[in-house]
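Small disclaimer: the values here were computed from a predicted structure and weren't measured. Below, chains carry the letters A, B, ... as their sequence lines are ordered, and counting in each starts from 1.
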Protein chains: 2
Amino acid sequence: MPYDRPTLNALLRRHGIAPTHQRLEIAQVLFARCQHLSAEQILQQVNERHAETSKATVYNTLNLFRDRGLVREVIVDPKRVFYDPNTGPHHHLYNVDTGEITDIPADALRLSGLPELPAGMVTEGVDVIVRVRSAGTSALG
Amino acid sequence: MPYDRPTLNALLRRHGIAPTHQRLEIAQVLFARCQHLSAEQILQQVNERHAETSKATVYNTLNLFRDRGLVREVIVDPKRVFYDPNTGPHHHLYNVDTGEITDIPADALRLSGLPELPAGMVTEGVDVIVRVRSAGTSALG
DNA sequence: TGTCCATTGAGAATTATTCTAATTCACCCT
DNA sequence: AGGGTGAATTAGAATAATTCTCAATGGACA
Ligand SMILES: [Mn+2]
Ligand SMILES: [Mn+2]
Ligand SMILES: [Zn+2]
Ligand SMILES: [Zn+2]
């Protein structure tokens with residue numbers, strides 16, 4: 001268990017985040033099993049045992065974590081944002097049928113020939129999304 | 001003007017879409033200037049001269065066009081979907097400050113080493129999104 | 001113990017998209 | 001031309017993710 005309370009506590013502090021009870025609970029959910037979760041899923045998992053965190057706090061906290069670089073957003077589904085505790089460079093496999101998101105390690109995939117940017121632009125990141133579906137599922141009706 | 005009415009008419013028919021007045025107007029907006037537009041932007045442009053198309057029809061039509069492969073969705077902004085009349089393989093440059101989306105030709109960018117998929121999955125597409133921001137704009141407050 | 005400021009949270013607001021159910025329209029037949 | 005028919009359109013309501021408001025809470029510390 002690499003992510004016990006003292007570790008999470010230090011992690012938040014290191015990112016300039018005051019480690020409140022609710023924030024630790026949310027960090028726990030995110031970092032314990034390193035998955036890609038929506039705000040709604042996080043809300044449910046945090047309140048699994050007994051309800052103690054509000055929806056507003058989950059959204060506040062996720063935006064705070066994102067602003068401080070603790071998590072990143074994964075934009076693959078127009079319906080909801082997913083939160084990724086892995087902020088290192090890597091990419092994603094997205095199953096459009098199941099909604100499942102899987103990491104692709106950065107070094108598993110070579111990207112070459114990025115076009116030079118117009119003057120005055122700076123790259124913030126390069127996202128690669130491999131969209132897959134379960135074989136047999138057709139895009140047509 | 002490569003996209004006059006008879007051409008659009010044939011284009012819709014070729015995709016199995018009955019070419020109604022509203023659908024032609026929407027196709028016109030999408031294909032005339034080949035941009036990446038949101039439903040709201042399309043609704044405005046279609047009704048620029050005189051209002052004749054409803055919001056419901058714009059959404060219906062965009063979903064129909066997407067299902068029939070006439071346009072593709074671009075998922076870069078959690079707030080809204082953008083529609084792309086270019087369905088050929090290519091990638092996108094997304095300015096997170098301005099919201100501007102620019103095409104990157106497929107051959108401008110080499111991708112190698114896609115991991116083999118778990119059995120029973122088939123690739124639907126690979127999206128590369130280069131997120132840029134105007135230099136000087138910071139992610140922090 | 002009391003002040004202070006950040007945090008929390010209930011519920012309302014916002015907004016992109018979808019849904020419903022009724023009207024309109026295009027096209028065909030006579 | 002007039003009428004039947006199914007598809008298309010639409011106004012407005014519904015849905016749902018996210019944000020906002022602002023009052024209540026609570027920990028740190030004098
Ligand atoms: Mn957000
Ligand atoms: Mn859609
Ligand atoms: Zn990831
Ligand atoms: Zn494009």
Item to complete: Could you say whether Lys55(A) or Arg23(A) is positioned toward the 5' end of DNA chain C, judged by the nucleotide with the nearest heavy atom to each?
Response: Arg23(A)
Worksheet entry | Contact nearer the 5' end of DNA chain C, comparing Pro19(B) with Phe82(B) | Phe82(B)
Discussion item. Expressed as a whole number of angstroms, how long is the span from Leu24(B):CG to dA8(D):P?
Written reply: 13 Å
Worksheet item: In whole Å, what is the span from the CG atom of Asp77(B) to the P atom of dT15(C)?
Response: 14 Å
Worksheet entry | Ala56(A) side-chain proximity, nearest of dT8(C), dC20(D), dT18(C) | dC20(D)
Worksheet item: To the side chain of Ser54(A), which of dT7(C), dT9(D), dG9(C) is closest?
Response: dG9(C)
Practice prompt. Could you tell me the separation between the CG atom of Leu62(A) and the P atom of dT18(D), rounded to a whole number of Å?
Written response: 9 Å
Response to the item:
For Pro85(B) and Cys34(B), the nearest pair of non-hydrogen atoms, with its separation, is CG-SG, 3.4 Å
Worksheet item: Can you tell me how far C1' of dA16(D) sits from CD of Glu40(A), to the nearest Å?
Response: 10 Å
Discussion item. For a side-chain contact (heavy atoms from CB on, under 4.5 Å) check, start with the C-alpha distance between Arg131(A) and Thr123(B), then their side-chain angles and the critical distance, and finish with the verdict.
Written reply: CA-CA 6 Å; Arg131(A) 276 168 213 277; Thr123(B) 299; over 6 Å; no
Discussion item. Would a single hydrophobic cluster contain both Phe65(B) and Leu11(B), if residues Ile, Leu, Val, Met, Phe, Trp and Tyr are joined by side-chain heavy-atom contacts under 4.5 Å?
Written reply: yes
Discussion item. A side-chain contact here means heavy atoms from C-beta on lying under 4.5 Å apart; do Ile104(B) and Val130(B) qualify?
Written reply: yes
Discussion item. How would you summarise protein contacts on nucleotides 24-30 of chain D per nucleotide, using B for base, S for sugar-phosphate only and - for none, with heavy-atom distances below 4.0 Å?
Written reply: -------
Worksheet item: Side chains of Arg72(A) and His90(A): do they bring a donor and an acceptor to under 3.5 Å?
Response: yes
Practice prompt. For residues Phe31(A) and Leu70(A), determine if any side-chain heavy atom of one lies less than 4.5 Å from a side-chain heavy atom of the other.
Written response: yes
Practice prompt. Would you indicate which nucleotide in dG9(C), dT17(C), dT7(C) comes nearest to any side-chain atom of Gln22(A)?
Written response: dG9(C)
Fill in: Whole-Å distance separating the CG atom of Asp67(B) from the C1' atom of dA8(D)
16 Å
Item to complete: Determine whether the side chains of His92(B) and Asp84(B) contain a donor N or O and an acceptor N or O closer than 3.5 Å.
Response: yes
Discussion item. In whole Å, I'd like the distance from the NE2 atom of His21(B) to the C1' atom of dT10(D).
Written reply: 15 Å
Worksheet item: Between Glu25(B) and Arg5(B), does a salt bridge (charged side-chain N to carboxylate O under 4.0 Å, His left out) hold up when you go through it step by step?
Response: CA-CA 9 Å; Glu25(B) 293 280 332; Arg5(B) 282 314 160 101; 3.2 Å; yes
Worksheet entry | Nucleotide dA16(C), atom P - distance to CD1 of Ile75(B) in whole Å | 15 Å
Worksheet entry | Closest nucleotide among dT18(D), dT8(C), dT9(D) to the Lys79(B) side chain | dT18(D)
Item to complete: Look at the side chain of Arg80(B) and decide which nucleotide, out of dT17(C), dT7(C), dA8(D), has an atom nearest to it.
Response: dT17(C)
Worksheet item: With respect to the phosphate group of dG9(C), does any side-chain polar atom (N or O) of Thr57(A) fall under 4.0 Å of OP1 or OP2?
Response: yes
Worksheet item: What residues in residues 45-53 of chain B put a non-hydrogen atom under 4.0 Å from any atom of DNA chain D?
Response: Glu52(B), Thr53(B)
Discussion item. With clusters defined by side-chain heavy atoms of hydrophobic residues (ILVMFWY) lying less than 4.5 Å apart, directly or transitively, does Leu43(A) cluster with Ile26(A)?
Written reply: yes
Discussion item. Can you confirm whether the side chains of Asp4(A) and Thr7(A) place a donor and an acceptor under 3.5 Å from each other?
Written reply: yes
Worksheet item: Can a side chain N or O of Asn60(B) be found less than 4.0 Å away from OP1 or OP2 on dT10(D)?
Response: no
Item to complete: Measure from CG on Leu43(A) to P on dA16(D) and round the result to the nearest Å.
Response: 16 Å
Worksheet, complete the sentence: Of the candidates dT18(C), dT18(D), dT8(C), the side chain of Tyr59(B) sits closest to dT18(C)
